[in-house]
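The next block holds one structure in the form of structure tokens; read it before the comments.
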Amino acid sequence: MAFELLLLAFAALGQAVQPSAPHPIPAPLRELPWGQLQFLHTTDTHGWLGGHLQEPSFSSDWGDYVSFAKHMRDRADADGTDLLLVDTGDRIEGNGLYDGSKPKGKYIFDIFKGQDIDLLCSGNHELYKVNSSDNEFYETVPNFRGKYLASNLDIYNPKNGKLEPLAQRFKKFTTKNQKIRILSFGFLFDFTGNANNTVVHTVASTIKEDWFKEAIRDRDVDLILVFGHVAIRSPEYDLLFKTIRSEQWDTPIAFLGGHTHIRDYKKYDSKSAAMESGRYMETIGFMSVSGLSTSQESVVDAQNAAKGITFGRRYIDNNLFSLYNHSSTNSSTFPTELGLNVSSMISSARKELKLDHTLGCAPHDFYVNRAPFPAPDSIFSWLQQRVLPDYISASTRVANESKKAIVITNTGGIRFDIFKGPFTRDTEFLVSPFTSGLRYIADVKYESAKRVLELLNNNGPVLEEVARQHGLASWALAPPEQVSDRPEVIAEKDSFSDNLRIPHASDQIPLHPNRNKDNPALIPGYTTHDDLGTDGDDTVHSEISFYRVPNCIQADIGFSEQQETPQTVDLVYNAFIEPWVILALKFLGEGYGKGDTGDYMRESLTEVISAWVGENWGCGEEG
Ligand SMILES: *[C@@H]1O[C@H](CO)[C@@H](O)[C@H](O)[C@H]1NC(C)=O
Ligand SMILES: *[C@@H]1O[C@H](CO)[C@@H](O)[C@H](O)[C@H]1NC(C)=O
Ligand SMILES: *[C@@H]1O[C@H](CO)[C@@H](O)[C@H](O)[C@H]1NC(C)=O
Ligand SMILES: *[C@@H]1O[C@H](CO)[C@@H](O)[C@H](O)[C@H]1NC(C)=O
Ligand SMILES: *[C@@H]1O[C@H](CO)[C@@H](O)[C@H](O)[C@H]1NC(C)=O
Ligand SMILES: *[C@@H]1O[C@H](CO)[C@@H](O)[C@H](O)[C@H]1NC(C)=O
């Protein structure tokens, strides 16, 4: 009896991080620039609440974040400052913990709600499917009642069919310790790809609504906080900044953003700044603001206000080495009971979903953006030269009917690198989370079919026309990390064929435990350049190169060098890019429509990849 109790107590004690998480590697750290008010910011977590189990730099899980936040709140309470937690959406899709269950998301909402988040909003991923936005309505909004904001988002209430705001439009509140009066809004960018049970109002129309105009006229405000699933360098945030500034010439404004998966910080004016905090639970964003007036009148406030507004920022690598350091704890003082409970909820969900089940073992790393295309370690070269040819050449059309095929797939459909070692059921969801299958148009003139790729890869009329007709932005084709409105990147957008090193976007690269040869003291990783300089990352890293890849890649199947050029080929593509393919063909004088398309094979690209891994990548010693 006593022994059982002891065992129970021991089990309940649990452990931080997931059981198979790698140990973080010690590295030089920069301190958090603690201020009067601080934000901890997560965005675009895409279900990675278990952390990264093959990357030591990001190996902490959501439970560890729960423990960390508790220590940070305690610190704020101890020194009379304030701390707010914000999440800016895209919490779902992209990790087995979400995608692997039936129905999807069965486990994630309870795990997520273990964190005491002060403010949150929806991303675009929450809205692609009726089921997922209904999940926001039934789960996340009630779990965070009064904290979830929806400044420009409505939903058809699934209970009565009435169109209503998904959550309250804005919120005004006073912070716990400093009594700072904050007016906050929670936005989504001008997204158009949502299912028809939600309505996204553009930012331009929202700022004309009476509730908004009235809200920003409030003078009894010390800080305006605009958080959202919006890139911090975007027309939407520019417009919000200008609109608020036109009404409040002097009030400090803090922006927190997301969507483009990068670490970034932007200065709007001397009293306004914005932060974006990466992706996939790699980064916990830390932003501080000091010099704010408060509702409490005191000598200290007057002194603060006289000093002017200062902002600070840090991109925290989400691993225990960093989290212990910033919270002045160690392995015994760090974990809280609730944090351990959340970690163990994650590990039991992972176990039930069999996410550690191994399909094969990768012989080396394959990269999305850390290798140029083509290259031996490019994930796209691997798809183009191995996976697609092996699979498509066994299709009925090719194998039995001697048809040739051109297969086009967008690079944005592949979301993550493959690391040397076990390729698990989890890896499958990380690499290729989308479930769409391969479709085709039969017997397209070869001369036309072979030109489709170039039309999808240059920023020409086809992309513009699809954007106009279908509201589908071309950013959806390539990896989201490549989207940026930074001028230097726009200047390079016309040359997708070159593998350009992007000067300022070297910031979104997954780490890997190899030591850099030139500077053995540093681990390669994020080396962010932002409006405050190059000291934003909490961990001092050596730099990793980042390469722009084309929107789409192409594999030719069934061609052999001896044969003359064919008259016709099957044009095969992943279902997601169908509108672009049809318009490209139209542009080339080929009048195909939706009715001319069909399913090429039943399997999705994800299933194709997994089957290939199972057949080709053994885990024996030879691997
Ligand atoms: C959508 O939600 C319903 C109700 O929870 C569920 O039965 C169904 O399986 C879900 N569909 C998908 C594709 O997950
Ligand atoms: C959304 O589309 C479905 C299927 O096309 C239709 O049945 C439904 O009425 C639409 N809902 C709304 C709110 O327009
Ligand atoms: C955190 O790391 C910094 C620099 O690496 C070090 O100077 C400091 O003492 C550490 N703090 C704690 C509490 O471990
Ligand atoms: C952690 O810190 C506490 C208090 O500072 C100390 O008593 C304990 O020995 C430390 N534990 C470890 C594992 O370093
Ligand atoms: C953690 O889980 C245990 C066992 O389920 C439960 O008794 C306890 O109340 C939980 N603690 C917290 C802080 O949620
Ligand atoms: C294609 O060929 C394979 C073997 O040659 C055969 O098993 C299969 O039934 C054929 N499929 C069709 C649709 O003709």
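Sequential numbering from 1 along the given sequence is applied to the chain's residues. Since the structure is predicted, the reported quantities are computational estimates derived from the model, not experimental observations. Indexing begins at 1, ligand by ligand and atom by atom, following the structure's order.
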Just to verify, what does D190 make a side-chain contact (heavy atoms from CB on, under 4.5 Å) with, not counting sequence neighbours? T202, V203, E236

Check: [X] ring centre within less than 6.0 Å of [Y] ring centre:
X    : Y    : answer
Y98  : F429 : no
H23  : F321 : no
F137 : Y148 : no

Is there a polar contact, in the sense of an N or O pair closer than 3.5 Å, between S332 and ligand 4? yes

At less than 3.5 Å, what protein N or O atoms come close to the N or O atoms of ligand 3? Include the distances to 0.1 Å.
unit_1   : atom_1 : unit_2 : atom_2 : d
ligand 3 : 2 (O)  : N325   : ND2    : 2.3
ligand 3 : 5 (O)  : L29    : N      : 3.3
ligand 3 : 11 (N) : N325   : ND2    : 3.0
ligand 3 : 14 (O) : N325   : ND2    : 3.4

Determine, for D118 against K171, whether the closest basic-nitrogen to carboxylate-oxygen distance falls under 4.0 angstrom. no

Atoms of ligand 4 close to S331 [distance to a heavy atom under 4.0 angstrom, numbered from 1]: 13 (C)

Is there a nitrogen or oxygen of N196 sitting under 3.5 Å from a nitrogen or oxygen of ligand 2? yes

Side chains of L40 and Q115 in contact at under 4.5 Å (non-hydrogen atoms): no

Are D365 and D417 side-chain neighbours, meaning at least one heavy-atom pair lies under 4.5 Å? no

